[in-house]
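Have a look at the structure below before the remarks.
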Number of protein chains: 2
Amino acid sequence: MTAQVEHKELANAIRALAIDAVEKAKSGHPGLPLGMADVATVLFSRFLKFDAANPSWPDRDRFILSAGHGSALLYALLYLTGAPSVTLDEIRHFRQLHSKTPGHPENFVTAGVETTTGPLGQGLATAVGFALAERLLNAEYGDGLVDHFTYVLASDGDLMEGISQEAIAFAGHLKLNRLIVLWDDNGISIDGPLSLSDSVDQAKRFESAGWHAVHVDGHDPDAIAAAIESARNADRPTLIAAKTVIGYGSPKKAGTSKAHGEPLGAEEILATKEALGWHHGPFEVPDGILKAWRTFGERGRAAREAWQKRLAGESEAVRTEFARRITGEPDTRRLHAAIDALKARFNGEKPAIATRKASELALEALVGEVPELLLGSADLTPSNNTRTKGLKEIAPGDYAGRYIHYGIREHGMAAAMNGILLHGGYRPAGGTFLVFSDYARPAIRLAALTGTPAIYVFTHDSIGLGEDGPTHQPVEHLAALRAIPNLRVLRPADAVETAEAWQIALGRTTGPTLLALTRQNLPTVRTEPAPQNLSATGAYELSPAEGVAVASLFASGSEVEIALKAQELLKEQGIAARVVSVPSLELFLEQPEDVRRAVVGNARIKVAIEAAVRFGWDAVIDSDGIFVGMSGFGASAPYKELYKYFGITPEAVVEKVIKRHNS
Amino acid sequence: MTAQVEHKELANAIRALAIDAVEKAKSGHPGLPLGMADVATVLFSRFLKFDAANPSWPDRDRFILSAGHGSALLYALLYLTGAPSVTLDEIRHFRQLHSKTPGHPENFVTAGVETTTGPLGQGLATAVGFALAERLLNAEYGDGLVDHFTYVLASDGDLMEGISQEAIAFAGHLKLNRLIVLWDDNGISIDGPLSLSDSVDQAKRFESAGWHAVHVDGHDPDAIAAAIESARNADRPTLIAAKTVIGYGSPKKAGTSKAHGEPLGAEEILATKEALGWHHGPFEVPDGILKAWRTFGERGRAAREAWQKRLAGESEAVRTEFARRITGEPDTRRLHAAIDALKARFNGEKPAIATRKASELALEALVGEVPELLLGSADLTPSNNTRTKGLKEIAPGDYAGRYIHYGIREHGMAAAMNGILLHGGYRPAGGTFLVFSDYARPAIRLAALTGTPAIYVFTHDSIGLGEDGPTHQPVEHLAALRAIPNLRVLRPADAVETAEAWQIALGRTTGPTLLALTRQNLPTVRTEPAPQNLSATGAYELSPAEGVAVASLFASGSEVEIALKAQELLKEQGIAARVVSVPSLELFLEQPEDVRRAVVGNARIKVAIEAAVRFGWDAVIDSDGIFVGMSGFGASAPYKELYKYFGITPEAVVEKVIKRHNS
C-alpha cells in the first residue's frame, strides 16, 4: 500500500499539517517542518523502529527533535503514524493551554515525545545519554532485549551552542555508533544568513571528534536513505549534514530567516500548498496518504512482539528486574536497609570527616544494593569522591562498567544524565564542584522541568574549600539552585545527614536532587539514633534550648557545627537558644504551615547561619532576622582564616544575638 | 646580558618559584608551571610587548592564563619581569589572605593580571573579546594607537568546556588573527590520562573553525619561537599545540595527574630541582638570572614611549576621548541629557509598548550619544530589539561597525563582553532571552566578581512570552540572578522605567547590569515627570493609598500594571492600598534601613506580585506576606490565558487581600 503513495505526498502531509497548525495558533515555527519533512519522512517510513501504539516499548529507536522549535514536525509525525497522544484535534490546538501539542515538545505532556527540547543543544546532548544508556543496558541484558538506535534532528543553533562540543566529544570518544545526528543544514539563523555569525566546517569538526560525517541533499529521499544506511553501519556516531531549504515550498519565505519563527500567513500558505502540489484544505490529509503513514506507525509492531517473546523467555527474576530498571522504580527495601545500617554505624563511630567523604562511604554501602546506580564525575573524581573501590569504568567500546569519566564537561554530563534517565535503566549520579553548577544549569533546569531524577554530587560547597578562592567558592549557588522549582538541594551537616540525603535522592522519582557537600571535615552532630529520616522535612530541631528559647539558630551543612558552638557559648551567658538543622530549605518551605511554624518556633530572635548569601532565608527568619553568612564573593586563603575574616563564627553569632537581646 | 643566561635557566627560575610557592602554601598546582615554563619563557623573553612597570599601558600585548589554576606561573612571571604588584614577599604569601597572589589570578587584586580565570574555558572565551576589542579600536584609532596581540595559555580543560567551541567558532569566523592560543597539550587531566575521557583531534577541530593550527614540542624553545612567529603572521587566529610534560622535572610525578593539583612535597622538590639542574634555595633566584628576566620586563619600554609620543601627536579631543574610552568612564552629561529627553517624551506620549521596544527606543536615543556603546545579540536580534536603525555590523576582517552577531552562543557572548570591557574602549550590551541567562551564567558571574560593567539585554522575561512554553519561560531566573553579588537586575515596568534602567546601566562602572524586558505590551505607568531616576533606589511608591493604607502592593515589571488595577478594585471595595514599583529588588535591599522601612511602609497586609517564584521576596513582605506569582514552571499558551491560569491577575490579588483583611 505504501508503495502507492509517493514520498513527496508523504512529506507534504507533514508540511501541510505543520503550517496549518502554526497558522491556526498564530504562533510557531514553520521553517523547520517545511525544510526537514523529507528527512523525517525517510527516517520514519524506512528506518525508525517504533510502534506508534506503544510509545514506551523499551527497545524502540529513539527520535529526538533537538531543534524543539520545530515541534509541529514532531506532532505531525505522531499524528500521521497514529500515536494515540496526538489526534488531529490536538494538532488544531497547537500551542494552546492543556493541549498535547505545546510550543516546544514536552515529554511529560505528550507520549511519544522522548525528551523536552527547545533550549538549543540540549536535545543533542541528552541524546548522547540515550545512546550511552542503550549500550550500557545492552552490555547487561544483551542484544535480545536492548538493541536500538538514537536519531537526533539538530539545527544550526544546536551545533553552535557550546554544549554540543561537550556532547559530540564525549559521544565520539565512547564510540557510540548507535547515535545518528541529522543536521538541518539550511544556512539560515534568526538574524539572517548563517554566514553573519558562523563559518565552521561542521563535518570536519565532527570528524575531529571521532565521528563519521556525510553530506547529503536533504530533499533527495534516496540519498537520505543511503546516508542513514551508512550511518547505521558505521563503527562510530554519525553526522548526516542534510542540505535543506528552510521553509521549503514557501514562494516568498523559503531560504530566508522569515520562514523560521512566525506563521506564513493565509495567502502564503495557499501559495505554498500550490507550489508543493498539495490541493487539500486546512488540516486535511487524504485517506490514502494517512493510511500509508499509519502503516509506518505499525511497521515496528512485529519487532515489538518478537521482543516481547524474547523477554517472556527470560527468567522471572530478569523480567522483574528489567521492568524495575526501565521504569526507574527504586528497590526501597534494599535502599532503606543499607541507609539504616549506615546511619547506625555513623551514630556509633561519630566520624569527623568531610561530607564528601561521608558521601563516598554512603556510596560504598549503596553501590551493591542499588545496581542501577551509575557514578561519574566531570574530571573531579578524586575531589568529588564519587568513585567507589573497584568500580569498573566505561571505556570506548566497553560498556560493561558503572563509572563514567565525563571529562571536563559539566554541562554535557548533566544533559547526558537526563538522557540516561529518560532512556531508562540507570540512576546516574555525577560530580563536580558546586560553583560549576552554573555550567550545568540549563540541563539541571530541564531535569527539574521534566521530573527527571538526576543526582548531582556537588562538593566544595562554600568558602570552606579555602585557597582556590572566589572563582571556586560558591556563595550564591545554594540560593540560585533552591530557586529552581522541583529541584531538591540537600546540604547535609554531617555523615548521618549525608546518608539521609542519599536516601532522599535515591528514593525520589519525580525530579532531581543535588547534594552540596563539604571539602572540609565536620564533626558528627547527629549522635542519637533516629529511625526516621529527619532530613526529609527539610528542617528539624537538632538541639533544643534548655528552658524557653530566646533565640532560634537555623543553619545548614558545615554551619550547623557553628550554631551548636554558639548555642553553648550563649548558654554560658545565660541565654537559652535552640538549634535547627536545615538540610533542605526548599523541602522545609514545602511543609504544611503548622509543621513550619512548629520548627520555626516562637523565640524572639531568629538567626540563620550559612556560608552563602542571605537571599531566600527571610522565608524562615523574616526581614528582621539576623543573618550570619556571606554578603559578597569569597577570597583565597586557608578556610579557617576565611571563616574568621568573613565573620562566620560562633563568636559572631553570640555577639549579634546578645546585641539584639539587649536592644 | 640576556644572551648570557640560557633559556633553561630562565625557565627553571619560573619552575622553582612556582613549586616553592605551592609548597609553602601547602596548596596549589605545580604541574602547569613546570610543564609550560618553556613556552612562557619564550613568549615573555622574545615576543610579548609589555612594560612590566606600566601594566595598564593600553597598547600592550595581553597575556591571559586561561588555565588559571597555574597561577604560580603567572606570579613568577610578574615577579621575574619586575611588575611592581608581585614582590618576592607576595610569592611567599601565595594563596594567603590579602596577598596579591590568590589561588587563581584575580585582575581586581593584582596589577598585571588581565582577567580573572580558573573556571575553565572562561579565559579563552574572554580573550576572544580582548582580541575583538583590539581590532574594533584599531578600526577607530588606527595602527598608531592600537596594534597588539592577545596570547592565551589554555589547558585541556579549557578546550573540553563547551564555551571553548563558541569562542573559537566566533573568533575563527571574525578572523581575529591577533589571537594566539598556546595549548598545554600534556595529555593529563585530574582523573588520569586524558584518554580516559577525550580523543578529540584539537588541531583539526580548530582548523574546522577557521583557525591556523600548528604542533610543536613545548620544551624546544626555538620550535616554540618559530610557531609563535608563524602565528603572528597568520591571517587568522592560531592554535599552537605545545606538547608538554605536566610536572616537567619532577622525577616521581612528571607526566601524571599527581603533578596537577597538590604540592610536590619537600623531598620531591629537592629531587625536581636536582633533575632540573637548579641548585638554589627556596625562593632564591640568582642575580644574573633575575637581571636577565628584568630586561625582558623592560623590553617594551621603548615601544611604550614611542606609543606615547604618537598619542601626544593626536589632537586634544582625540587624546581625551581615547583616555575616556580606555578607562571606561561614561560621559554622564550626554547620557543624562539623552535620558531626560527620552523620559519627558515617554511621559508625554504614554506609549503602550513592550519594554523590549522601549529599550530599542532608548538605544535609538543613546547610540549617538554614547559612542562606546557596542550592541549585539546571540542570534535574537529581531526579538531582543538590540539593533538600532542603520547601525553597521561587524564582519570578518571589517571591524568598523558597532553591531555584533554573536551567533547562538550566549555563553561565548557574555565572556566576549567581559573581554571587550577588560580590554577597554567599549560598552557592550548583548541580548538573548532571559531564560537563556542560564547558558551564560558562569561568564555573568565573572563579570560580577571582577566588577566588569557588562549590560545584558534579556527579553521575554516571564510567562508573558506565551506560546513558547516552559522551556522558554523564566520563573526562577530573576531570583537566581538577584542572588549574584554585584549584579544589578532591573525589571522596568514601562517605557519610563526602561529609560531609567539604561541610565543606571550605562552610568555604572563597577559591575554588570541586567535588563529583564517584556515581549508583551505594557501601559505607561509613570505618567508624571520625575527629574530624578526613581528606579535608582530599587523601589519607590508609585501610587499612594487614598487614606491610611491597609495593604502595600509590591510589584516589578509587567506586574506593576496588575498591582495598579488591583489598587483600583480594592478602592471600590473600600480598601486603601498603595503600590510600590520594585524595578530592582537587590538595589532596594542595599538601601539604608530607614529608606527601606519608609518604602515598605506600615500597612498590615503586604503583597508581592511578580510572574516568577517567591524566592527572595520575603525580604520585603516577610514570611506572612501574600505572594501572587508562580510556584512552578509555566506552560504553552497565549500569555493572557497563562496569567489567568496561574492566577496572576488583579482579581486574584483582591481576593487574597480581602480574605486576609477579614481574617
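Within every chain, numbering begins at 1; the chains are lettered A, B, ... in the order of the sequence lines, protein sequences first and strands thereafter. Note that these values count all heavy atoms, side chains included, but never hydrogens, waters or copies made by symmetry.
Glu467(B) places none of its side-chain heavy atoms less than 4.5 Å from the side chain of Lys26(A). Side-chain atoms of His472(A) and His69(B), non-hydrogen and from C-beta on, never get closer than 4.5 Å to each other. Contact of the Val613(B) side chain with the Pro485(A) side chain is registered, since non-hydrogen atoms from C-beta on lie closer than 4.5 Å. Here the side chains of Arg95(B) and Pro638(A) are not in contact, with every heavy-atom distance at 4.5 Å or above.
Chosen from Glu207(B), Glu166(B), Arg596(B), the residue pairing most often with chain A at heavy-atom distances under 4.5 Å is Glu166(B). Your options are Ile190(B), Asp201(B), Ile444(B), and the one with the most heavy-atom pairs under 4.5 Å with chain A is Ile190(B). When each of Ala440(B), Ser377(B), Ser383(B), Ser27(B) is checked for heavy-atom pairs under 4.5 Å with chain A, Ser27(B) comes out on top. With chain B as the partner, the residue from Gly103(A), Gly172(A), Ser199(A), Ser208(A) showing the most heavy-atom pairs under 4.5 Å is Ser208(A). Of the residues considered (Met630(B), His477(B), Arg614(B)), His477(B) shows the highest number of contacts with chain A, using heavy-atom pairs under 4.5 Å. Note: Leu380(B) leads Leu380(B), Thr116(B), Leu642(B) in heavy-atom pairs under 4.5 Å with chain A. Of the listed residues (Ala209(A), Gly469(A), Ser189(A), Gly407(A)), the greatest number of heavy-atom pairs within a distance under 4.5 Å of chain B belongs to Ser189(A). When the candidates Ser197(A), Gly162(A), Gly192(A) are compared by the number of heavy-atom contacts under 4.5 Å with chain B, Ser197(A) comes out ahead. The candidate from Asp438(A), Val200(A), Asp379(A), Asp618(A) with the greatest count of non-hydrogen atom pairs under 4.5 Å with chain B is Asp379(A). With chain B as the partner, the residue from Glu641(A), Arg205(A), His411(A) showing the most heavy-atom pairs under 4.5 Å is Arg205(A). Contact count against chain B (heavy-atom pairs under 4.5 Å) is highest for Pro442(A) among Ala637(A), Pro442(A), Ser437(A). Ranked by heavy-atom pairs under 4.5 Å with chain A, the first of Glu161(B), Arg387(B), Gln96(B) is Glu161(B).
Looking at every heavy atom in both residues, Glu476(A) comes nearest to Ala483(B) through CB-O, 3.1 Å. Scanning both residues, Asn486(B) and Phe633(A), for their nearest heavy atoms gives CB-CE1, 4.5 Å. Residue Arg445(B) comes nearest to Pro470(A) through the heavy atom pair NH1-O, 3.0 Å, listed as atom of the first residue, atom of the second, then distance. Scanning all heavy atoms of the two residues, the minimum distance from Pro382(A) to Asp191(B) falls at CD-OD1, 3.4 Å.
Of the candidates His405(B), His173(B), Arg409(B), Arg409(B) is the only one forming a side-chain hydrogen bond (donor to acceptor under 3.5 Å, both in side chains) with Asp198(A).
The ring-ring contact (aromatic ring centres under 6.0 Å, His included) check on Tyr645(A) picks up His98(B), with sequence neighbours excluded. Remark: Thr386(A) pairs with Tyr403(A) by the side-chain hydrogen bond (donor to acceptor under 3.5 Å, both in side chains) rule, at least two apart or across chains.
With a threshold of 4.5 angstrom between heavy atoms, Ser195(B) approaches chain A through N, CA, C or O but not through any side-chain atom. Using a 4.5 Å cut-off between heavy atoms, Val435(B) touches chain A through its side chain atoms alone. Only the side chain of Phe436(B) comes within contact range of chain A, with at least one heavy atom under 4.5 Å from a heavy atom of that chain. For Thr117(B), the part lying under 4.5 angstrom from a heavy atom of chain A is the backbone only. Contacts between Pro474(B) and chain A at a heavy-atom distance below 4.5 Å involve the backbone alone (N, CA, C, O). At a 4.5 Å heavy-atom cutoff, Ala395(B) makes no contact with chain A through either its backbone or its side chain. Heavy atoms closer than 4.5 Å to chain A are found in both the backbone and the side chain of Ala448(B). Interface remark: His104(B) contributes backbone and side-chain atoms alike to the contact with chain A (heavy atom separation under 4.5 Å). In this structure, no portion of His93(A) lies under 4.5 Å from any heavy atom of chain B. Only the side chain of His29(B) comes within less than 4.5 Å of a heavy atom in chain A; its backbone stays farther off. Residue Gln202(B): no heavy atom, backbone or side chain, is found under 4.5 Å from chain A. With a threshold of 4.5 angstrom between heavy atoms, Leu174(B) does not approach chain A through any atom at all. The contact between Gln473(B) and chain A is made entirely by backbone atoms, counting heavy-atom distances below 4.5 Å. Neither the backbone nor the side chain of Glu586(A) comes within less than 4.5 Å of any heavy atom of chain B. Glu106(B) touches chain A through its side chain: at least one heavy atom from C-beta onward sits under 4.5 Å away, while N, CA, C and O do not. With a 4.5 Å cut-off on non-hydrogen atoms, Thr381(B) touches chain A through its backbone and its side chain both.
To the nearest 0.5 angstrom, Ile408(B) atom CD1 is 5.0 Å from Met160(A) atom CE. Atom CG of Leu97(B) sits about 11.0 Å away from atom NZ of Lys644(A), to the nearest 0.5 Å. Between the CG atom of Leu159(A) and the CD atom of Gln165(B) there is a distance of 9.5 Å, given to the nearest 0.5 Å. Summarising the geometry, atom CZ belonging to Phe615(B) is positioned 9.0 Å from atom CH2 belonging to Trp617(A); distances are rounded to the nearest 0.5 Å.
Side-chain N or O atoms of Tyr439(A) include none that pairs as donor or acceptor with a backbone N or O of Ile163(B) at under 3.5 Å. Judged by distance alone, with hydrogens and angles left aside, the side-chain atoms of Asp622(A) form a donor-acceptor pair with the main-chain N or O of Ser623(B) at under 3.5 Å.
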